[in-house]
Amino acid sequence: GSLTTALANATNFTGHNSTTYKASGCSFYCVAVNTWTGATDTDWNTVGNWDGGVPTSSSTVMIPNVANKPIISTITAALANNITVSDILSIQAGGNLTVSSNLTNNGTFSINSDATSSGSLIVTGTSTGNITYNRYLTGVTKWHLFSAPVGNQDINSFVTTAGNIATSGVNYSLAPYDNTLIVGSTTWKKWTTDGTNPLSSAGSFTSGKGYEILTTSDGTVPFTGTVPVAQVTIAVTGTSNRWNLVGNPYPASIPANSNADANNNFLTVNSAALDPSFVAVYLWNPDTSSYDLINQASAATYIAPGQGFFIKAVTGEAGIVNFTTAMRTNQAAVAFQKTATPNIPSI
């Protein structure tokens, strides 16, 4: 413990550069490490829980197996340069973690959300291992539009693990939107229990693609997969039905319009792919039973982790929508909108 504390103190070294330090008179470099001890409680922001102090954006962070597991609370904006999780780490709804370099998860790493806020994670470098994003949904009669906030989530495993995906006859209340089909209920290609469109052959959710879902109760559904650390690109079509269902693929919010971020917002980045008369995102508002049209004249709007939404593509055979890493931002109090009707928005 005392050695770790000494190594974490930059004043004990010369020739330091960010997180690496060279001891005076020595030929080797070492890295300042902030190690979780949980000596006081489970709060990430408590100094007494760390050997080396509460991490900063230049810290190399280690989460070993100790009795008190670290929790990034609703009021915490946690930072790390590199972080290795060897046991359990969780982010509460409203909390966030920004990793300036790399994340290595050899343990259990979960991010949570509730009815009013979302946990958030941004990894700038690489990410190794899976995380679980627990996305809160209201259920029973309220449909949601979503996009998986992690990569490589198997759809069959998702339904099995969630355990509360509704069914109607042989149809699961889970489906992608297919705008090549007749507008109406047939545009939702539901997976079935009778083998006609089985979950066993569904594969994984496509990053950036939107889906509909209905659960049998209020609560969270777990998405388990990799952390998206690169730009996500999704093809959109602009033929007879030019409405496309896409969604935020990151475990962090993204700005919808220029009032939220002047440059790195969804509408500015993707303006060339959108119908010039429909440069907007369409989010269902259950309070008004209509779609909220969010455009560049709207107040600052952020799209929650995993939120799905409709766009109208420019006329043409195919286009591209980009979700860039520069869009990612930690915004806790972002509502996760939902849909109560399978109909597409119309003006």
Side-chain angles (χ1 to χ4, degrees), residues 56-58 75-81 91 94-101 111 113 116-125 127 145-147 149 207-210 227-236 238 242-285 291-314 319-337 345 347:
T56 68
S57 60
S58 61
I75 59 173
T76 301
L79 300 171
N81 183 39
I91 301 176
N96 67 77
L97 170 64
T98 300
V99 181
S100 303
S101 293
I111 307 173
S113 62
T116 59
S117 60
S118 302
S120 181
L121 171 67
I122 296 174
V123 178
T124 302
S127 180
L145 302 180
F146 76 93
S147 179
S207 291
K209 183 179 178 66
V227 178
V229 296
Q231 176 170 301
V232 174
T233 299
I234 187 77
V236 294
R242 292 185 284 126
W243 292 104
N244 291 258
L245 181 57
V246 298
N248 179 6
Y250 299 117
S253 296
I254 61 173
N257 56 5
S258 56
N259 283 326
D261 186 290
N263 300 306
N264 296 307
N265 65 81
F266 178 85
L267 292 179
T268 295
V269 170
N270 294 293
S271 59
L274 305 178
D275 185 311
S277 298
F278 295 83
V279 181
V281 300
Y282 293 81
L283 299 169
W284 181 259
N285 187 328
Y291 282 88
D292 287 341
L293 185 157
I294 308 300
N295 60 22
Q296 298 291 33
S298 303
T301 303
Y302 296 89
I303 299 171
Q307 174 70 64
F309 55 92
F310 276 104
I311 59 167
K312 190 171 187 179
V314 67
I320 295 294
V321 162
N322 294 304
F323 294 91
T324 67
T325 56
M327 292 179 183
R328 298 173 300 173
T329 180
N330 292 317
Q331 299 287 331
V334 178
F336 190 89
Q337 301 277 37
I347 301 297

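Position 1 is the first residue of the sequence, and the numbers go up from there. Atom set for the values below is all heavy atoms of this structure, side chains included, hydrogens, waters and symmetry mates excluded.
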Are the side chains of T325 and Y250 in contact, using a 4.5 Å heavy-atom criterion? yes
Give me the atom names and distance for the closest heavy-atom approach of P255 to N264. CG-O, 3.0 Å
At what distance, to the nearest 0.5 angstrom, does CD1 of I294 lie from CG of N265? 12.5 Å
What are the two closest heavy atoms between G119 and I91, and how far apart are they? CA-CG2, 4.1 Å
Test of understanding: with side-chain hydrogen bond (donor to acceptor under 3.5 Å, both in side chains), list the residues that count as partners of N330, not counting sequence neighbours. N96, T98, S120
Is any side-chain heavy atom of N259 closer than 4.5 Å to a side-chain heavy atom of T301? no
Between S117 and G94 the two heavy atoms that sit nearest each other are OG-N, 3.8 Å
Between R328 and V123 (side chain of the first, backbone of the second, donor and acceptor by atom type, cut-off under 3.5 Å), is there such a pair? yes
Donor-acceptor pair, side chain of Y291 and main chain of F310, under 3.5 angstrom: no
Would you check if P228 and P251 make a side-chain contact, meaning some heavy-atom pair closer than 4.5 Å? yes
How long is the span from the CG atom in L79 to the OG atom in S100, to the nearest 0.5 Å? 7.0 Å
Greater than 12 external heavy atoms within 6.0 Å of I320's CD1: yes
Test your reading of the model: is there a side-chain donor-acceptor pair from N248 to the backbone of A304, 3.5 Å cut-off? yes
Which residue, F266, Y302, Y282, forms the ring-ring contact (aromatic ring centres under 6.0 Å, His included) with F309? F266
Would you tell me whether N81 and S58 have side-chain atoms, one donor and one acceptor, within less than 3.5 Å of each other? no
Closest approach of S127 and V229, non-hydrogen atoms and distance? CB-CG1, 4.0 Å
Ignoring hydrogens and angles, tell me if any N or O in the side chain of N322 forms a donor-acceptor pair with the backbone of T324 under 3.5 Å. no
Side chain proximity check, T329 to D261, heavy atoms < 4.5 angstrom: no
Set of side chain to side chain contact (heavy atoms under 4.5 Å, CB included) partners for V279, sequence neighbours left out: L267, L274
Do T268 and Q296 meet the criterion of a side-chain donor-acceptor pair at a distance under 3.5 Å? yes
In sequence, state the C-alpha distance, the side-chain angles, and the governing distance for F323 and N270, and then conclude on side-chain contact (heavy atoms from CB on, under 4.5 Å). CA-CA 9 Å; F323 294 91; N270 294 293; 5.9 Å; no
Report the distance from atom CD1 of I303 to atom CD1 of I254, rounding to the nearest 0.5 Å. 4.5 Å
Which residues pass the side-chain hydrogen bond (donor to acceptor under 3.5 Å, both in side chains) test with N257, sequence neighbours left out? none
